[in-house]
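Here is the structure we will look at.
Note that these values count all heavy atoms, side chains included, but never hydrogens, waters or copies made by symmetry. Start at 1 and go down the list; that is how both ligands and their atoms are numbered. Since the model is a prediction, treat every value here as computed from it, not as a measurement.
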Amino acid sequence: MSTSASTQRRIRDAAELLPRQELRALQGQRLREVVARVAHVPFYREAFARSGVKPDAVRGLDDLRRLPFTTKKDLRDGYPLQFLAVPRAEVARIHGSSGTTGKPTFMAYTRRDLELWSDLCARFLVAGGMEPHHLVHVAFGYGLFTGGFGLHYGIEKVGAAVVPAAGGNTPRQLMLLRDLAADVLVCTPSYALHIAEVGRAEGIDLRELPLAFGHFGGEPWTEEMRAAIEDQLGIQAFNNYGLSEVIGPGVSGECPARRGMHIQEDHFLVECLDPETLEPVPEGKAGELVFTALTKEAMPLVRYRTRDLASLDSTPCPCGRTTIRMSRVIGRSDDMLIIRGVNVFPSQVEEALLRVEGTAPHYLIEVDRPGTLDNVVVKVEVRPQDFSDAMREMVGLRDRIDREIHAVTGIRMAVELVAPGTLQRSEGKAKRVLDHRKEKA
Ligand code: DLL
């Protein structure tokens, strides 16, 4: 293909155009190789033995369904780095994501994994119009979270310049956007809207800035939010998806056609399964996405259950990429919440409450998005013997809960103490979460 045609279609890597049959053959070969690589990881050695899988008998894709799954719980049980498939000395970086307890689950990368990760991010950034002359403002957190560093190095791979603004301090973000005149914004979709809202309050109209594109991900969003972002920021907005357990951002992203996110299938094998029966669902129907990382070295996971619900579409895409596309994430098959881009499990709030003397094990987490940002209120019942008219005691109790929740989840939630017996009791599974965002979606 000539360079100009590939530039027009914004394709960075010929692998994105592989004929399906060749792609399947490559996946089969890579599956064989990754199974061999993880065979000595204690978890997989045992899981393969339990499922009667002999690693050298795995020949290709037809064997996939015989392989055991990997879950978040398995990773937690393997804390901190028991899933490592290479010697510790070959690890070049460690990231992490929140687990259902206060401890994160860690993911390790070799130097080659980091190169691959940047390449994969660069692919979707190029698909979304990024060019080497662009200046890109990254308002994702830099840290254990994969958003900041993942996108940062992807942008550098494209050859563009980065403003590593990181998260928070919105007035400062606005100053940087205005004064440095970035062309591209990278953050969560809800934060993009928040920046626009704060901008309006400060008399800065983002539509008048040079911003032309935005790449958003890390949390679920809707077409309505896309329309609002495009309108309020005067940009074209692209969706990208990923999770730390698989690599971070770069698992999939939109092309110019924006009809679903192309999964980078030469590196990730995807299945879409019924979360109850674990049988494949027909294409176009929503199921849980399950990924096998085919080429990672440090910590490749086999059949990782993401708990993300989405559908797949393999009909040809006008952009020419041959890879299968996933829909937006339409929900979760577990109770994980994403609050301002941070993954939070109700059990983490429970763990925090258990650390504080004086609370009853009755609580309700109410999540809403009154404006553009998520807001969480945790209602906590006080034990009858601790329920008091003394303001100082109650405020002290509330502050202790507030601190523990922050320590365990990493985010701040408003804590509201309620009288004993006020929260509704349930006869079956206790209802711990009221997510009003869903009613609005
Ligand atoms: O959120 C990786 C990422 C960072 C992706 C920045 C894109 C941009 P985790 O912290 O491990 O990793 O959270 C992963 O976030 O299982 C989904 O539930 C959700 N998620 C990520 N991207 C999207 C998206 C990063 N575009 C979890 N739409 C995933 C909906 C998303 N949900």
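Among residues two or more places apart in sequence or in another chain, the ring pair (Phe, Tyr, Trp, His ring centres under 6.0 Å) test is passed with Tyr241 by none. Asp63 is linked by a side chain to side chain contact (heavy atoms under 4.5 Å, CB included) to Val58, Arg59, Arg66, counting only residues two or more places apart in sequence or in another chain.
Protein heavy atom closest to atom 3 (C) of ligand 1, with residue, atom name and distance, is Pro249 CD, 3.7 Å. Regarding atom 11 (O) of ligand 1, its nearest protein heavy-atom neighbour is Ser244 OG, 2.5 Å. Remark: minimum distance from atom 25 (C) of ligand 1 to any protein heavy atom is reached at Gly242 O, 3.6 Å. From the protein, the heavy atom lying nearest to atom 6 (C) of ligand 1 is Phe140 CZ, 3.4 Å. Considering only non-hydrogen protein atoms, atom 22 (N) of ligand 1 sits nearest to Gly218 N, 3.0 Å.
Side-chain atoms of Glu16 and Thr322 form no donor-acceptor pair, as typed in the model, at a separation below 3.5 Å. Side chains of Glu288 and Ser333: a donor-acceptor N/O pair is present below 3.5 angstrom, by distance only. Of the N and O atoms on the side chains of Arg207 and Gln232, not one donor lies less than 3.5 Å from an acceptor on the other residue.
Residue Glu219 approaches ligand 1 through these ligand atoms, each under 4.0 Å from one of its heavy atoms: 20 (N), 21 (C), 22 (N), 23 (C), 24 (C), 28 (N), 30 (C), 31 (C), 32 (N). With ligand atoms numbered from 1 in the order given, ligand 1 contributes 4 (C), 6 (C) to contacts under 4.0 Å with heavy atoms of Gly147. Near Phe145, meaning under 4.0 Å from one of its heavy atoms, ligand 1 places the atoms 1 (O), 4 (C), 10 (O), 25 (C). Ligand 1 places these atoms under 4.0 Å from at least one heavy atom of Asp308: 16 (O), 17 (C), 18 (O), 29 (C).
Aromatic rings from Phe291 and Tyr304 are positioned such that their centres are separated by 6.0 Å or more. Ring centroid separation for the pair His95 and Phe145 does not come in under the 6.0 Å cut-off. For His267 and Trp117, the gap between ring centers reaches or exceeds 6.0 Å.
With respect to Glu245, the salt bridge (charged side-chain N to carboxylate O under 4.0 Å, His left out) criterion is satisfied by exactly one of Lys73, Lys72, Arg76, Arg305: Lys72.
Shown here for Glu254 and Ala127, the closest heavy-atom pair between the two residues is O-CB, 3.7 Å.
When non-hydrogen atoms are compared, ligand 1 lies under 4.0 Å from the backbone of Leu243 as well as from its side chain. Only the side chain of Ser97 comes within 4.0 Å of ligand 1, counting heavy atoms alone; its backbone N, CA, C and O stay farther away. With a heavy-atom cut-off of 4.0 Å, Arg307 does not touch ligand 1 at all.
One option in Asp334, Thr188, Ile338 has a heavy atom closer to atom 19 (C) of ligand 1 than any other, and that option is Ile338. Considering each of Asn240, Leu309, Thr306, the one bringing a non-hydrogen atom nearest atom 8 (C) of ligand 1 is Asn240. Between the choices Leu289, Val342, Leu337, Asn343, the shortest heavy-atom distance to atom 9 (P) of ligand 1 belongs to Asn343.
Distances between N or O atoms of Trp221 and those of ligand 1 include no value under 3.5 Å.
At least one heavy atom of Arg332 lies less than 4.0 angstrom from ligand 1.
Annotation: cation-pi pair Lys379/Tyr363 absent, no NZ/CZ under 6.0 Å from the ring centroid and within 45° of its normal.
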